[in-house]
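In what follows, chains are A, B, ... by sequence order, proteins preceding strands, each numbered from 1.
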There are 2 protein chains.
Amino acid sequence: MHTIYKTLRSNSYSVPCELCSIGGLCIPMLLNNSLSDVLERKKSYLKDEIVVKSKTPFKKFYIVHSGALKTFVTTPENTEQINGFYLPGDIVGLDSISTKVYNSNIQTLGNTLLCELYYDELMSLIDSNKDVRDLIFKLLSTDIYNYQKLILCYSQKKSEERLATFIYSLYLRYQQRGHTSLNIKLAMSRADIANYLGLTIETVSRNLTKLQEQNILTAKGKFIYINKLEALIEICN
Amino acid sequence: MHTIYKTLRSNSYSVPCELCSIGGLCIPMLLNNSLSDVLERKKSYLKDEIVVKSKTPFKKFYIVHSGALKTFVTTPENTEQINGFYLPGDIVGLDSISTKVYNSNIQTLGNTLLCELYYDELMSLIDSNKDVRDLIFKLLSTDIYNYQKLILCYSQKKSEERLATFIYSLYLRYQQRGHTSLNIKLAMSRADIANYLGLTIETVSRNLTKLQEQNILTAKGKFIYINKLEALIEICN
DNA sequence: CGTAGCATTGAGTGCTATCAACCCCTGTGG
DNA sequence: CCACAGGGGTTGATAGCACTCAATGCTACG
């Protein structure tokens with residue numbers, strides 16, 4: 001037992017993989033035998049820490065072990081635009097394969113543990129292991145599919161529907177990771193949600209109270225409890 | 001000469017690859033030696049023809065040779081939502097690698113020639129040819145990057161900025177294919193543009209006239225001439 | 001030449017942004 | 001233990017942008 005821990009365990013601040021909350025969805029675990037040497041073990045980051053600056057050379061993917069990340073770009077007017085949230089099990093950096101640089105800034109939303117997966121080594125692994133190849137293709141393709149759905153959300157939906165879709169998608173993502181609870185703890189602030197959804201803080205807040213008045217959910221700070229899942233889905237369309 | 005034509009030439013309704021307007025950007029041409037046997041040659045489609053229905057099994061990618069495509073999904077209320085336009089040289093179906101079905105309907109915007117690229121055969125080619133592997137990864141990754149930019153456009157920009165961004169992106173895409181002209185011929189209707197941008201036909205029309213009043217461009221039916229490229233870019237932010 | 005479909009223009013309404021005030025929770029220092 | 005300050009979040013009033021509905025103009029095609 002101790003020896004297993006030793007091989008899988010990483011630097012300080014990290015936890016053994018056996019206790020990782022992600023379980024079967026963790027890419028490193030899925031491909032444990034072949035990937036273990038490609039992965040630097042987990043590294044710890046503090047809340048609001050910048051992990052990567054936009055436009056710096058792309059060398060490795062980051063996989064969220066615990067905590068959460070946001071990615072954002074800064075517009076010419078120096079405003080921040082969030083284009084993604086990443087929860088445990090999510091991989092960041094797929095869009096950098098073509099550009100060779102990170103296209104966004106990557107920042108932690110709370111204290112966070114990240115696994116690192118080197119691009120070059122992953123590529124050579126792909127040539128020797130069809131499972132890895134298929135997995136990476138699937139990840140890329142899923143990313144595209146998700147972005148398509150997100151675009152649909154933006155281009156068609158009103159503020160209430162956008163927020164409902166956002167909350168429901170968080171619920172689904174947690175569910176995929178084995179957390180079937182209707183309780184959701186938001187990793188991000190209202191400002192981050194508003195920014196991401198292309199709305200203002202006030203509109204997000206107003207729609208949250210609106211959803212509470214309909215008794216669809218209960219929001220208390222960063223905690224959200226879904227009372228009527230069906231009704232929430234109904235609003236998402 | 002005749003024999004070359006014979007090998008590259010396809011079914012009826014198609015043109016020889018040597019005369020293809022796409023030139024070096026055509027994937028089949030780029031990977032000519034290895035891919036020629038993977039590709040069924042060009043097939044012809046009429047205007048507004050449905051090439052693929054959503055949810056049908058995914059077997060092959062489509063590459064636009066000439067003409068143009070749109071992809072769209074139908075919402076539960078039976079309204080159409082366009083999520084992509086595809087110009088000569090573009091490949092359609094990357095998002096289907098993970099889902100194994102086509103996620104959108106694919107429809108022609110005018111008379112169109114399409115090359116077909118079988119998924120299974122491409123995959124085996126990837127194992128034997130690193131260039132193919134890298135190309136496909138790059139295509140997938142570029143797709144993701146483009147979607148990220150599109151999402152940014154939707155979530156932040158006002159109608160005028162969205163339209164400007166749309167026109168400018170068309171200009172850039174044609175430029176990448178060697179058409180450096182400031183003249184653009186729209187393959188799609190105002191309704192399609194509006195649908196894609198999450199706006200109404202009226203708003204698109206009003207913004208077009210607004211851009212003309214500023215003398216930034218001239219719009220005449222499906223033809224758009226960019227008078228002040230710098231000013232157009234300025235509006236895009 | 002006439003019709004059908006696409007595109008433009010106009011008037012009025014509604015949704016979301018903006019600006020501003022207030023609330024609540026947390027942490028800090030007296 | 002309380003007072004206070006500060007940040008995040010909520011609520012309210014107003015303004016502006018984009019949608020809706022409606023009418024008219026344009027163009028392609030038989």
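Look at K70(B) and E80(B) and you find a salt bridge, because one of the NZ, NE, NH1 or NH2 atoms lies within 4.0 Å of a carboxylate O, short of that distance. Salt-bridge formation is not detected for the pair R206(A)/E160(A): no Lys NZ or Arg NE/NH1/NH2 atom is positioned less than 4.0 Å from an Asp or Glu carboxylate oxygen.
Counting to the nearest Å, the C1' atom of dC22(C) and the CD1 atom of I201(A) are 15 Å from each other. Rounded to an integer number of Å, the gap from L211(B) CG to dT9(C) P is 13 Å.
Between F61(A) and F58(A), the ring planes are perpendicular. Angles over 60° get that label, and only those under 30° would be called parallel.
Between the two ends of the helix from dC1(C)-dG30(D) to dG30(C)-dC1(D), each summarised by a five-pair axis, the helix axis turns through 30° (rounded to 10 degrees).
Defined by atom type and a distance below 3.5 Å, a donor-acceptor pair is missing between the side-chain atoms of N105(A) and T74(A). Side chains of Q107(B) and E49(B): no donor on one and acceptor on the other come within 3.5 Å.
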Nucleic acid footprint by protein, nucleotides 15-30 of chain D - heavy-atom cut-off 4.0 Å, B for base, S for sugar-phosphate alone = ---SSBBB--------
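For DNA chain C, the residues of residues 184-191 of chain B within the heavy-atom distance limit of 4.0 Å (strictly under) are S189(B), R190(B), A191(B), sorted by number.
Regarding contacts with the backbone of dA7(C), a side-chain N or O of K222(B) is found under 4.0 angstrom from either OP1 or OP2.
Here CG of L182(B) is found 13.5 Å from NZ of K228(B). Values are rounded to the nearest 0.5 Å.
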